[in-house]
Every structure is written in C-alpha cells, then in structure tokens.
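Contents: one structure, followed by commentary.
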Protein chains: 2
Amino acid sequence: MFNTNKEDLNETQIKIMEAAMAEFLEKGFSGARMQNIADNAGMNKALLHYYYRNKESLFKQVFRDVLIDMFSMLTDIIETEIDFESKLNKLVKSYMNYLIEHRQFPLFLLNEIYRNPEIVDQVLRESDVSETWDKFYNELCQSQKNGDVIELNPAHIIVTIVSLVVFPVAASNVITRFADISQSEYYEFLQERIDIIPEFLIKALLKK
Amino acid sequence: MFNTNKEDLNETQIKIMEAAMAEFLEKGFSGARMQNIADNAGMNKALLHYYYRNKESLFKQVFRDVLIDMFSMLTDIIETEIDFESKLNKLVKSYMNYLIEHRQFPLFLLNEIYRNPEIVDQVLRESDVSETWDKFYNELCQSQKNGDVIELNPAHIIVTIVSLVVFPVAASNVITRFADISQSEYYEFLQERIDIIPEFLIKALLKK
DNA sequence: GTCTATAGCGGGATAGAC
DNA sequence: GTCTATCCCGCTATAGAC
C-alpha cells in the first residue's frame with residue numbers, strides 16, 4: 001500500500017531516516033538542520049540530497065512514517081472483534097503505553113499539521129485512517145442503540161477519549177516544568193493514568 | 001509586578017508587538033521572520049532591533065504576554081470564593097470561551113516550551129502562577145476530605161480537567177482535517193463542549 | 001554511492017544618514 | 001526615532017572528483 005517499505009531501505013537510508021526523525025521530532029521542520037542530520041547519521045550533507053531530493057521530501061518521509069506508525073496500532077485494535085467496553089479498555093491501555101514510548105509523536109504531529117495542513121491531505125489520502133475511524137464510530141453508535149453507552153454525539157465521546165489519552169503526553173514537558181517534577185516521576189504518573197482513564201470513561205460514558 | 005505594562009508602550013511598540021505576536025503564533029520562533037513582522041507592522045527591520053535588541057528578546061516578550069494573559073483569568077476565577085462544584089463549572093466555561101477566542105495560544109505554548117524549556121523558568125519566576133495552582137490544589141484536597149470529590153491523587157484530577165479543556169483547542173487543526181469539517185462547524189462543536197465537559201467531570205469526579 | 005568544495009541566497013543584525 | 005544600505009553568517013542545494 002505504501003511505496004516506502006522499511007525493508008526496501010539500504011543501510012545508509014536507514015541511518016539517514018533515524019537521524020532525520022530524531023532531528024525533526026526534536027526541532028520541528030523549520031528548526032531542523034540538514035547539517036545536524038548528516039552529522040548524526042555519520043555522513044555528509046550531500047548524501048542526504050542524493051537519497052532525498054531536498055529537506056522537504058526528507059521531512060515528508062519522516063512525517064509519513066510517524067503518522068502511519070501511530071495509526072497502524074490503532075487500526076489493529078479497532079479491527080479486533082470484542083465488546084465495546086473491553087475494546088475501550090484495550091484501546092486506552094495500548095495507546096498510553098505506545099505514547100509513553102513515543103512521547104514526541106503527539107506534539108510533533110499537532111505542530112507540523114498546524115503549520116502546514118496540506119501535508120496531511122497528501123499522506124492521509126493514501127492511508128486507511130478514515131476507514132478505521134468510521135468503524136469505531138459505527139461501533140460506538142451501535143453501543144448507544146444497545147443502551148450500553150449514553151446518548152451523546154459520538155464525536156464528543158471520541159474527542160473526550162483522545163483528549164484524556166493524548167494531552168498528558170503532548171504536554172509532558174509543560175507539566176513537568178509547572179509541577180516542578182522530574183521526567184521519571186512524570187513517567188510514574190502516566191503509568192498510573194493507564195488505569196485511571198478507563199475508570200473515568202466507564203463512569204461517565206457507560207450506563208450501568 | 002511585571003516590568004512590561006501595556007500602558008507604557010508607545011504606538012510603534014504596540015504595532016510591533018501585534019505584528020510579532022501574529023507572526024510567532026503562526027510560525028513559531030524558528031519559523032518566524034523579522035522581515036514579516038516589520039512588513040506587517042508597517043515599518044523597517046532596523047526599527048525592530050532599535051526597540052528589541054534581537055529576535056529572541058522580541059519573542060520572549062510575546063511569550064511572556066501570552067503566558068501571563070492565559071493565567072491571569074484563571075487566577076481571577078480561582079480566587080473567587082464559591083463552592084467547588086460551582087467553581088469547576090465556572091472554570092471550564094470561562095476557560096473554554098477564552099480559548100475559543102485565542103485558539104493559537106495552547107499549541108504555541110506547548111510547542112515553544114518543549115523546544116526551549118528554560119524560557120518558562122525565566123517568566124514563571126516573576127509570576128504568581130504557582131500560588132494559583134496551590135490554592136486550587138488545596139481546595140481540591142479539602143473537597144476530598146469533605147467527601148464531595150472522589151479519593152484520588154489530585155494531580156490526576158487536575159490533569160484530567162486540563163486535558164478535556166485544552167486538547168480540543170490545541171488539536172483543532174488536526175481534528176478539522178481528520179474529520180473533514182470546516183472551522184465554523186468545529187466552532188459549533190467546541191461551543192457544545194462547554195456544557196458537556198462539566199457534566200463529564202461531575203459524573204466522573206463527584207460523589208453524588 | 002560517497003566525498004569535498006562551493007555556489008547562492010535568505011535572514012538577523014548593525015552602521016550611519018536624516 | 002526612523003530610514004536605507006550593507007554586512008556576514010548559516011543554511012540549503014549542487015557541481016564535480018573519486
């Protein structure tokens with residue numbers, strides 16, 4: 001489906017992609033420097049341009065990888081056939097764990113999509129993200145008809161779930177600063193939330 | 001309290017600050033261009049450097065203004081003496097309305113603090129933000145002792161509230177893209193959430 | 001396929017006239 | 001206080017040797 005399969009990359013390209021991802025995640029598109037990427041990949045700037053025509057096309061590759069990686073796991077969970085409450089639980093737990101391991105992803109995406117919204121269209125068009133959402137949306141409607149979930153515009157329910165899961169990760173640097181705690185303390189805090197969020201959601205969204 | 005009072009600025013400085021805020025909010029520090037700021041302020045680049053030594057000091061001024069503006073309203077609400085549930089309601093409603101009018105603020109802050117965490121320390125030290133948080137935190141603990149609010153690390157409760165309020169605004173561009181809806185449709189959606197969020201919080205957090 | 005060298009320009013900053 | 005002109009570095013990108 002995607003023309004960029006990790007298996008098709010040679011060793012040099014892999015080194016480039018790793019260094020590029022680190023740099024773009026850290027600094028964003030406009031803050032990133034091709035020189036830094038070359039240095040961290042252990043090679044020359046010219047070689048970056050040999051494999052990827054320019055900064056923008058290298059960035060697009062990184063952006064696409066991040067977006068696809070973030071959504072592929074989501075898709076897997078949503079595709080599995082279990083009852084809604086279990087799925088909600090699994091979704092939150094798996095996704096929190098994933099985000100804790102990839103803390104830079106949410107803010108990176110929020111930011112780059114804000115600066116350059118067209119980029120999503122290009123990547124989104126070739127992905128199956130919207131199908132995945134549709135499936136979850138429909139399951140949610142079904143659960144509402146069954147009387148399991150409260151009556152409320154499903155979009156609000158989805159935004160609520162995503163807010164609770166994604167924001168604490170996207171804002172981790174801000175929160176650690178304001179609350180004056182260490183990264184590892186905040187890590188513990190996020191671990192606790194893995195159990196707390198589903199409890200909240202069940203209390204607030206499910207009819208019992 | 002702050003050495004930068006809006007009243008102390010002359011007309012030129014006001015024009016600079018307006019143009020600078022627009023540019024920095026739109027592009028971030030590294031993407032912003034002094035030339036654009038000068039153009040939009042209707043003046044010359046050199047004049048920017050006359051009033052603000054360099055790009056960084058101009059940025060810091062903008063950053064400080066945004067941070068202080070965002071927290072001053074919060075402080076006002078938290079200072080008022082009403083019961084916890086009413087305060088929670090008021091907090092969410094006022095803040096959602098504020099954020100809808102200043103949609104760029106959350107992502108701007110998340111992002112710039114991530115890129116350059118030290119900047120907060122400099123601005124935070126001279127503000128009363130931490131006192132405000134402490135007050136809210138203490139009130140929350142008191143409500144827990146009274147048996148109004150469920151037993152749970154207050155930090156989790158605060159992060160939950162902030163997530164629900166801030167994320168939908170910070171992610172507005174992403175959400176409108178993915179859900180394929182217009183800005184004005186999303187504006188309606190956010191208006192709806194002003195009533196939905198308190199309902200959610202009361203169900204999830206209060207003992208009834 | 002990988003390197004060195006360099007073109008070329010964009011952008012922050014400053015000198016100096018008025 | 002505001003302008004024009006210009007410096008000069010940093011960065012993307014390319015030419016060309018090996």
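In what follows, chains are A, B, ... by sequence order, proteins preceding strands, each numbered from 1. Since this is a predicted model, take the numbers as computed values, not measurements.
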Interatomic distance, [X] [atom1] vs [N] [atom2] [rounded to whole Å]:
X: B:Phe29; N: C:dG11; atom1: CZ; atom2: C1'; result: 12 Å
X: B:Leu58; N: C:dG12; atom1: CG; atom2: P; result: 11 Å
X: A:Asp39; N: D:dT12; atom1: CG; atom2: C1'; result: 15 Å
X: A:Leu47; N: C:dA5; atom1: CG; atom2: P; result: 17 Å
X: A:Tyr51; N: D:dT12; atom1: OH; atom2: P; result: 20 Å
X: B:Gln35; N: D:dA5; atom1: CD; atom2: P; result: 14 Å
X: B:Lys27; N: C:dG11; atom1: NZ; atom2: C1'; result: 13 Å

### Query
For B:Glu18, which residues count as a side-chain hydrogen bond (donor to acceptor under 3.5 Å, both in side chains) partner, sequence neighbours excluded?
none
### Task
In plain terms, say whether A:Glu112 and A:Lys27 are close enough for a salt bridge, that is, a side-chain N and a carboxylate O under 4.0 Å apart.
no
### Query
So, are A:Asp195 and A:Lys93 salt-bridged, with charged N and O less than 4.0 Å apart?
yes
### Task
Measure the shortest side-chain to side-chain distance between A:Phe200 and B:Leu205 over non-hydrogen atoms and say whether it is less than 4.5 angstrom.
yes
### Task
Answer with base, sugar-phosphate or nothing: what part of the nucleic acid does B:Ala38 contact at a heavy-atom distance below 4.0 Å?
nothing
### Query
Does a nitrogen or oxygen in the side chain of B:Thr12 sit under 4.0 Å from OP1 or OP2 of D:dT2?
yes
### Task
Fit a plane to each ring of B:His156 and A:Phe189, take the angle between them on a 0 to 90° scale, and name the class: parallel (under 30°), tilted (30 to 60°) or perpendicular (over 60°).
parallel
### Task
Using a 4.0 Å heavy-atom cut-off, write out nucleotides 13-18 of chain D from 5' to 3' as B (base contacted by protein), S (sugar-phosphate only) or - (no contact).
BBB---
### Task
Could you tell me if the ring centre of A:Phe178 sits under 6.0 Å from that of B:Phe71?
yes
